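Naming: A, B, ... by sequence-line order, numbering from 1 per chain. Here the structure is a predicted model, which is why all the values come from computation and not from measurement. Every heavy atom of this structure was used, including side-chain atoms; hydrogens, water molecules and symmetry mates were not.
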2 protein chains.
Amino acid sequence: MSKTATTNDTRTPCELCPLRGKPSFREFDADELDFVSHFKRGELAVDAGATILVEGSHSAHLFTVLSGWAFRYKVLEDGRRQILNYVMPGDLLGLQGTIMGEMQHSVEALSPVTLCVFERDKLMTLYNRHASLAFDLTWIAAQEERILDEHLLSIGRRSALERAAYLLAYLHQRASAIELFSGRTVLPVTQQHIADTLGLSIVHTNKTLKKLAERKLIRWQERGCDVLDGQGLADLAEWNGISEGKRPFI
Amino acid sequence: MSKTATTNDTRTPCELCPLRGKPSFREFDADELDFVSHFKRGELAVDAGATILVEGSHSAHLFTVLSGWAFRYKVLEDGRRQILNYVMPGDLLGLQGTIMGEMQHSVEALSPVTLCVFERDKLMTLYNRHASLAFDLTWIAAQEERILDEHLLSIGRRSALERAAYLLAYLHQRASAIELFSGRTVLPVTQQHIADTLGLSIVHTNKTLKKLAERKLIRWQERGCDVLDGQGLADLAEWNGISEGKRPFI
DNA sequence: CGGCAACTTGAATTACTTCAAGCACGGTGG
DNA sequence: CCACCGTGCTTGAAGTAATTCAAGTTGCCG
């Protein structure tokens with residue numbers, strides 16, 4: 001909350017967007033690129049641990065993550081926290097608040113995060129003039145829905161070991177797809193994050209992770225999880241992975 | 001699967017759509033109504049218990065529920081089933097398959113269901129010519145995401161009693177909002193459905209429902225659950241309910 | 001009448017939580 | 001330099017919540 005947050009005028013022009021080159025994202029035509037670069041209002045940089053969006057607030061902006069890791073979560077009144085999903089470069093934040101008024105979840109940075117800031121007011125002109133981008137927004141929302149379906153299946157019906165395996169396979173696969181690892185494949189999460197994602201206590205999470213480590217599927221390091229065998233984790237969880245095709249982003 | 005499914009040519013014209021009058025849905029202007037009535041290809045009626053969509057299939061169509069109840073679910077290879085959400089009149093089905101190719105969940109009817117069938121191919125013209133409807137589709141997807149967030153919080157972090165209370169309050173509120181009850185407020189589900197939604201065994205679900213009944217919050221009837229005190233259930237689960245405003249539908 | 005589907009109940013077992021204590025590490029201030 | 005926190009990880013033991021097993025009831029349909 002009281003962490004440093006720096007706003008700059010557009011630093012990285014959309015034409016040079018570092019995400020645009022990556023193989024997993026779809027390309028823009030000149031017209032779309034032109035619109036998005038006007039849609040973009042600036043950039044925001046936050047520290048690890050900072051809160052990016054708060055449940056209940058009326059977010060004035062829409063964000064796309066340029067770099068870093070974050071997570072979406074909800075809390076009950078007595079403090080019980082459920083992590084809903086993880087946020088990585090290319091992901092859109094704040095659509096809910098923009099479309100329906102009030103944010104229904106919070107977002108917190110796991111690492112230093114930089115965000116593109118978009119103007120909420122211009123969203124309607126996106127729908128009026130750029131059908132392909134409008135379609136992309138629906139696509140993004142539908143994709144998030146798909147992921148949440150899988151998480152729900154996991155929390156509701158998988159055992160603790162399967163659940164943990166699914167989560168780590170999922171995170172590893174997503175991070176790999178956008179080349180987020182520079183050599184080492186360490187997920188920047190604590191065991192408390194894992195526990196709050198799986199719906200387990202931290203003690204049981206610790207013991208479960210240890211079992212995965214014994215099977216040589218992961219290794220726990222200072223401040224993170226090193227995935228040694230993503231396919232092995234996916235197999236253990238009976239999970240088929242995410243579709244590979246190109247995905248849109250704004 | 002082998003249940004009766006009847007397809008007719010457009011029986012109910014969109015101008016006379018029975019949902020259009022209800023207070024919880026937004027109204028269409030003449031232009032939108034005209035487009036949708038051309039977008040609509042026909043109607044489909046299925047029996048209770050019939051499968052409407054199957055995971056893994058390439059659904060050729062998009063549906064809007066006209067009447068009846070259904071549910072979306074996923075299954076693991078060994079048969080464990082997780083119900084993801086319930087489907088009521090006004091809800092859209094098959095967007096995932098239309099937008100991303102393959103359905104990632106199945107849908108089964110809880111009661112006799114009638115559906116409007118839309119042409120997948122014409123979806124792009126919707127985005128090109130009717131920005132307001134395109135926005136509605138994103139809205140619908142974002143809303144579903146919001147609901148799934150709540151379910152995830154519930155399954156992950158609430159106790160069995162709170163979970164059951166949340167689910168029944170949610171179903172009751174949704175059904176009330178679209179006036180789905182004709183006098184009696186009985187949800188057409190079995191305890192197995194409740195169990196597969198909450199991520200609990202059927203035995204424990206039975207004992208949990210009995211506790212809710214002892215508190216006079218619900219009453220279990222032949223073939224369904226009668227909600228006696230929706231607010232009491234919501235309070236027990238620390239749940240604030242769904243936003244009341246008008247919602248779009250296609 | 002028999003058979004199936006949905007619900008119920010008690011008892012034994014397992015999975016998971018809570019409590020409690022301790023260790024390793026990094027950062028801060030004396 | 002060392003004492004001292006605080007955070008994150010680890011471990012064992014006791015307690016609770018939920019599952020599984022097993023059997024029985026009820027109502028409905030052919």
Side-chain angles (χ1 to χ4, degrees), chain A residues 3 47-50 71 76 78-83 108-111 154-165 167-168 186-214 218-226 236, chain B residues 3 47-50 71 76 78-83 108-111 154-165 167-168 186-214 218-226 236:
Chain A
K3 304 271 179 164
D47 287 343
F71 61 94
L76 291 172
D78 63 359
R80 285 174 284 177
R81 178 176 74 170
Q82 177 65 40
I83 295 184
E108 186 179 316
L110 276 172
S111 70
S154 202
I155 296 199
R157 285 302 180 210
R158 278 196 251 250
S159 69
L161 195 69
E162 293 168 330
R163 254 185 259 188
L167 174 63
L168 297 172
V186 177
L187 307 169
V189 288
T190 66
Q191 296 191 359
Q192 185 68 64
H193 291 120
I194 303 282
D196 286 350
T197 313
L198 301 179
L200 298 172
S201 71
I202 186 164
V203 173
H204 197 62
T205 299
N206 179 279
K207 289 167 183 167
T208 303
L209 289 173
K210 178 157 273 201
K211 284 184 195 163
L212 291 178
E214 278 165 14
I218 63 165
R219 188 171 39 187
W220 200 267
Q221 300 206 324
E222 18 41 85
R223 213 162 301 283
C225 176
D226 188 355
L236 174 53
Chain B
K3 305 272 179 163
D47 286 342
F71 62 93
L76 292 172
D78 63 0
R80 283 173 286 178
R81 178 176 75 169
Q82 178 64 39
I83 294 183
E108 187 179 315
L110 275 172
S111 71
S154 202
I155 296 199
R157 285 301 180 210
R158 279 196 249 250
S159 70
L161 195 69
E162 292 169 331
R163 253 185 260 188
L167 175 63
L168 297 173
V186 177
L187 307 168
V189 289
T190 66
Q191 296 191 359
Q192 185 68 65
H193 291 121
I194 304 281
D196 286 350
T197 313
L198 302 179
L200 298 172
S201 72
I202 186 164
V203 173
H204 197 60
T205 299
N206 180 279
K207 288 167 183 167
T208 303
L209 290 173
K210 179 158 273 204
K211 283 184 195 160
L212 291 178
E214 277 165 14
I218 63 165
R219 188 171 39 186
W220 199 266
Q221 300 205 323
E222 21 38 85
R223 211 162 302 284
C225 176
D226 188 355
L236 174 54

**OP:** Round to a whole Å and report the spacing from CZ of A/R80 to P of C/dT18.
**Re:** 9 Å
**OP:** Return the value, rounded to whole Å, for the distance between atom CZ of A/R163 and atom P of C/dA15.
**Re:** 13 Å
**OP:** Quick one: label B/G224 by what it contacts on the DNA or RNA (base, sugar-phosphate, nothing), any heavy atom closer than 4.0 Å.
**Re:** nothing
**OP:** In whole angstrom, give the distance that lies between atom CG of B/L200 and atom P of D/dA18.
**Re:** 7 Å
Subject >> B/T190 or B/K207, whichever maps to the more 5' nucleotide of DNA chain C >> reply: B/T190
Subject >> Protein-nucleotide distance (A/Q191, atom CD; D/dT10, atom P), rounded to Å >> reply: 5 Å
Original post:
Which distance, rounded to the nearest 0.5 Å, do you find between the CG of B/L168 and the CG of B/L209?
Top reply: 6.5 Å
Original post:
If you round to the nearest 0.5 Å, how far is CG of A/N206 from CD of A/Q191?
Top reply: 4.5 Å
**OP:** Check step by step if side-chain contact (heavy atoms from CB on, under 4.5 Å) holds for A/R163 and A/T208.
**Re:** CA-CA 10 Å; A/R163 254 185 259 188; A/T208 303; over 6 Å; no
Subject >> Nearest-angstrom distance from the residue atom CD1 of A/I202 to P of D/dT10 >> reply: 10 Å
Subject >> Between CD1 on residue B/I83 and CD on residue B/E108, distance to nearest 0.5 Å >> reply: 8.0 Å
Original post:
For D/dT10, does either OP1 or OP2 sit under 4.0 Å from a side-chain N or O belonging to A/N206?
Top reply: yes
**OP:** For A/D196 and D/dG8, give me the distance from atom CG to atom P, rounded to whole Å.
**Re:** 12 Å
Original post:
How long is the span from the CG atom in A/L198 to the NE2 atom in A/H193, to the nearest 0.5 Å?
Top reply: 12.5 Å
Original post:
How long is the line joining CD of B/Q192 and P of C/dA5, in whole Å?
Top reply: 12 Å
Subject >> Given D/dA18, C/dC16, C/dA6, the nucleotide with the shortest approach to the side chain of A/H204 >> reply: C/dC16
**OP:** Check every strand shown and say whether B/S201 touches a base, only sugar-phosphate, or nothing at a heavy-atom separation below 4.0 Å.
**Re:** base
Original post:
Which whole-number value in Å describes the distance from A/L110 CG to D/dG8 P?
Top reply: 12 Å
**OP:** Using the closest heavy atom to pick a nucleotide of DNA chain D for each, name whichever of A/V203 or A/R157 lands nearer the 5' end.
**Re:** A/V203
